[in-house]
Trainee: 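Sending over a structure as structure tokens; questions will come in a sec.
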There are 2 protein chains.
Amino acid sequence: MIEPYLLEELVAFSRTGTLAKTAQQLHVTQPTVTRGMQKLEDDLGVQLFDRQPNRITLTATGRHAAELATRLMAQHQAFSTQVQAFDHAQRVLTITATLPGPLLLARQIAQHTDQALSVTTTFSPIDQATDLLTTHQATLVLTQRELQTPTLESRYLGREKLAVNLDQFMYQANQTTVTFAELRGMSFLVLQDIGSWREVIQREIPQAKFLYQTQPSAFREITTYSDFPYFSTNLSRFDPHVATPTDHRVRRPIRDAAAQMPIYASYLKADRQRVKPVLAALRAHWPDD
Amino acid sequence: MIEPYLLEELVAFSRTGTLAKTAQQLHVTQPTVTRGMQKLEDDLGVQLFDRQPNRITLTATGRHAAELATRLMAQHQAFSTQVQAFDHAQRVLTITATLPGPLLLARQIAQHTDQALSVTTTFSPIDQATDLLTTHQATLVLTQRELQTPTLESRYLGREKLAVNLDQFMYQANQTTVTFAELRGMSFLVLQDIGSWREVIQREIPQAKFLYQTQPSAFREITTYSDFPYFSTNLSRFDPHVATPTDHRVRRPIRDAAAQMPIYASYLKADRQRVKPVLAALRAHWPDD
DNA sequence: AACAATTACGGAATCCGTAAAAATT
DNA sequence: AATTTTTACGGATTCCGTAATTGTT
């Protein structure tokens, strides 16, 4: 059985090219690496190096072994982190999402639940959702699409509906709803982290300009002291920081189909019983409008 | 970094259920396993076991860790074997196939080549072909279908064409070729190991009976002292053992499309230069008929 | 002269087995 | 009484660093 530290030395050597630099990188002495690579060759029963008095290089087999060792080391590392993640997931039910809106509601729920609930502050691309669940980095992922695999299942929660907040004297505000087309060419204040909504507004509103703000505090300040329109959804009300009573804008829902997203909760089938009360709470507090 | 022997002990324990049996299975003493599992918990920083004075059981995390460890150990094992296989493949070009016919020709080639060529005696299902190549267990796989992946490529070699050897006095022998339909209900002597041909004849010949023989020697003997028809192909001539001059049967090619198979040579793109002369030899010796 | 790899030697850490203890079935 | 786990102790293996050697650039 090959010892991991030998694989580590091999991988390091394949990157540095000399035993001296390898030793330096691993914080050991040269003789240690020399002996290590000799032992690795001996354990495998294979020649990995071409040796000259002052120079040592990988053979073709050695390069292949280093390539395989790199992957194996990554999996080795993943083992520890996954075990620890699983252990953590047993005590804390972690919720993440691909959109900010559902996370706001989730945070609300978390405060009124006796269970240990952790709601992440950042969100991930939807193509990482499956990985987050199977590696137990999250127990619940809120997404705009269903995820169906042999070990995963999804449950529909409700819809997130986009609205735009316009200055009350703008002519587009003289109707109960608007369309993306009617927002053509306008400039919007947008928070940097709005997940999948970003591609929606960029795709649907022609020739629009988006002033992305990284800091939520800066976003609030600029909205207060300017007339730029900004977006919100039916889930924005759960944002504890967005309470701006002195807003001169009016909220106008967007009629387009693309302005609505169905939200699903995805989780491991093995966790079905654990997430059940959380799903019930999310559905119970989902706004009707 | 988790030591492999600790993972091995965990995997063994998850199967045996007690430390005593685990120790027995691994040929070590109980205290060794006790300390090992304590160290594993310590290294991972996670509780894997529920301990009672006379009983130790896996926690949920422990079961999950054992599951992950099982897979990791398999990959760990695969590392060594793959490095050794790669090393071996550098000196010996190994050819395998999904059909016996192309292998016969390959053996012929191997004798007239200066290069170190190894031709396997058994053949594998076609769905294992990709794995054989990527794990370097074979450098060349002869199959009836093309294999196309980012790292693999296939080259057409020729066709293998099925024929049936009938007693010269049978009425079906009164024509230059026959069809599968005309063989309806007959009984055939067939070698057990004929690869993908087996499903062809079973599917195409209605109500036929197949007398499968495991031993080639028994097959030859029965063909000699009986009148049962048997199959051969345009590649059978390369079989050094099948030279039976005193055969009372006549060879009749089968007309159906299903009685012909295109044969491709698949290999890693990285091996293209190495296999080039072998492919040329295979194509050069491929029979025209 | 500087650098890279290897070998030799001694110390330190670790891992194992034997023996003994504690507790359960 | 037999089985299972755990701890204690001593020995043996192994792994590492320092020092010295060899050979190259």
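Note that these values count all heavy atoms, side chains included, but never hydrogens, waters or copies made by symmetry.
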Trainee: Return the value, rounded to whole Å, for the distance between atom CZ of B:F49 and atom P of D:dT4.
Mentor: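 Atom CZ in B:F49 sits about 16 Å away from atom P in D:dT4.
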
Trainee: Measure the distance from CG on A:D50 to C1' on C:dT6 and round it to the nearest whole Å.
Mentor: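 A:D50 atom CG is separated from C:dT6 atom C1' by 17 Å.
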
Trainee: Of all the choices, D:dT6, D:dT4, C:dA4, which nucleotide is nearest to the side chain of A:A20 once you look at every atom?
Mentor: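 Of the candidates, C:dA4 comes closest.
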
Trainee: Only counting residues at least two apart or in another chain, list the ones meeting side-chain hydrogen bond (donor to acceptor under 3.5 Å, both in side chains) with A:Q273.
Mentor: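 Checked A:Q273 against side-chain hydrogen bond (donor to acceptor under 3.5 Å, both in side chains); zero matches.
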
Trainee: Does B:R198 make a cation-pi contact with B:Y212, if we ask for NZ or CZ under 6.0 Å from the ring centre and within 45° of the axis?
Mentor: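 Geometry flag: set, cation within 6.0 Å and 45°.
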
Trainee: Using the test side-chain contact (heavy atoms from CB on, under 4.5 Å), find all partners of A:P53 that sit at least two apart in sequence or belong to another chain.
Mentor: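 If we apply the side-chain contact (heavy atoms from CB on, under 4.5 Å) test to A:P53, skipping adjacent residues, there are no hits.
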
Trainee: side-chain hydrogen bond (donor to acceptor under 3.5 Å, both in side chains) with B:Q148: which residues, sequence neighbours excluded?
Mentor: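 B:E146.
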
Trainee: Tell me the side chain to side chain donor-acceptor pair (under 3.5 Å) pairs involving residues 3-16 of chain A, sequence neighbours left out?
Mentor: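 Passing the test, one end in residues 3-16 of chain A: A:T16-A:T22.
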
Trainee: Give the rounded distance in Å between these two atoms: CG of A:L26 and C1' of D:dC16.
Mentor: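 For the pair A:L26 CG and D:dC16 C1', the rounded distance is 14 Å.
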
Trainee: Could you give the CD1-to-P distance, from A:I2 to D:dC15, as a whole number of Å?
Mentor: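 Nearest whole value for this atom pair: 12 Å.
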
Trainee: Could you go through nucleotides 15-21 of chain C and list every protein N or O atom that sits under 3.5 Å from one of its N or O atoms, giving the distance for each pair?
Mentor:
| from | atom 1 | to | atom 2 | distance (Å) |
| --- | --- | --- | --- | --- |
| C:dC15 | O5' | B:Y5 | OH | 3.1 |
| C:dG17 | OP2 | B:T29 | N | 3.3 |
| C:dG17 | OP2 | B:T29 | OG1 | 3.1 |
| C:dG17 | OP2 | B:T32 | OG1 | 2.6 |
| C:dG17 | N7 | B:R35 | NH2 | 3.1 |
| C:dG17 | O6 | B:R35 | NH1 | 2.8 |

Trainee: Taking five pairs at each end of the helix from C:dA1-D:dT25 to C:dT25-D:dA1, what angle separates the two helix axes (nearest 10°)?
Mentor: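 Roughly 20°, once rounded to the nearest ten degrees.
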
Trainee: Calculate the interatomic distance between A:Q24 atom CD and D:dC16 atom C1'; express it in whole Å.
Mentor: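 Taking atom C1' of D:dC16 as the reference, CD of A:Q24 is at 18 Å.
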
Trainee: Could you tell me which residues satisfy side-chain hydrogen bond (donor to acceptor under 3.5 Å, both in side chains) with B:S124, sequence neighbours excluded, listed by chain and number?
Mentor: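 side-chain hydrogen bond (donor to acceptor under 3.5 Å, both in side chains) list for B:S124, sorted by chain: empty.
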
Trainee: Below 3.5 Å, can you tabulate the donor-acceptor pairs from side chains in residues 34-43 of chain A to any protein atom, sequence neighbours excluded?
Mentor:
| from | atom 1 | to | atom 2 | distance (Å) |
| --- | --- | --- | --- | --- |
| A:T34 | OG1 | A:Q30 | O | 3.3 |
| A:K39 | NZ | A:D43 | OD2 | 3.2 |
| A:E41 | OE1 | A:R51 | NH2 | 2.1 |
| A:E41 | OE2 | A:L48 | N | 2.8 |
| A:E41 | OE2 | A:F49 | N | 3.1 |
| A:E41 | OE2 | A:R51 | NH2 | 3.4 |

Trainee: Which whole-number value in Å describes the distance from B:I56 CD1 to D:dT5 C1'?
Mentor: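 These atoms are roughly 8 Å apart.
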
Trainee: Mind checking side-chain contact (heavy atoms from CB on, under 4.5 Å) for A:P125 and listing every partner two or more places apart, or none if nothing turns up?
Mentor: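 Per chain and number, A:P125 pairs via side-chain contact (heavy atoms from CB on, under 4.5 Å) with A:D127, A:Q128.
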
Trainee: Taking 4.0 Å as the cut-off, does a side-chain nitrogen or oxygen of B:T34 come that near to OP1 or OP2 on D:dT5?
Mentor: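 No, outside the criterion.
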
Trainee: Show the distances under 3.5 angstrom between N or O atoms of the protein and N or O atoms of nucleotides 23-25 of chain D.
Mentor:
| from | atom 1 | to | atom 2 | distance (Å) |
| --- | --- | --- | --- | --- |
| D:dG23 | N2 | A:N54 | OD1 | 3.1 |

Trainee: Write out all pairs satisfying ring-ring contact (aromatic ring centres under 6.0 Å, His included) with one or both partners inside residues 21-42 of chain B, taking only residues at least two apart or from two chains.
Mentor: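 Listed by first then second residue: nothing to list.
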
Trainee: Between A:H136 and A:H88, is the ring centroid distance below 6.0 Å?
Mentor: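 That pair fails the under 6.0 Å test.
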
Trainee: Between A:D42 (CG) and D:dC15 (C1'), how many Å, whole number?
Mentor: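 In whole Å, D:dC15 C1' lies 15 Å from A:D42 CG.
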
Trainee: What residues, two or more places apart in sequence or in another chain, satisfy side-chain contact (heavy atoms from CB on, under 4.5 Å) together with A:Q75?
Mentor: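 A:Q75 satisfies side-chain contact (heavy atoms from CB on, under 4.5 Å) with A:L72, B:L72, B:Q75 once adjacent residues are dropped.
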
Trainee: Just the rounded figure in Å: distance from C1' of D:dT22 to CZ of A:R51.
Mentor: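 Result: 15 Å.
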
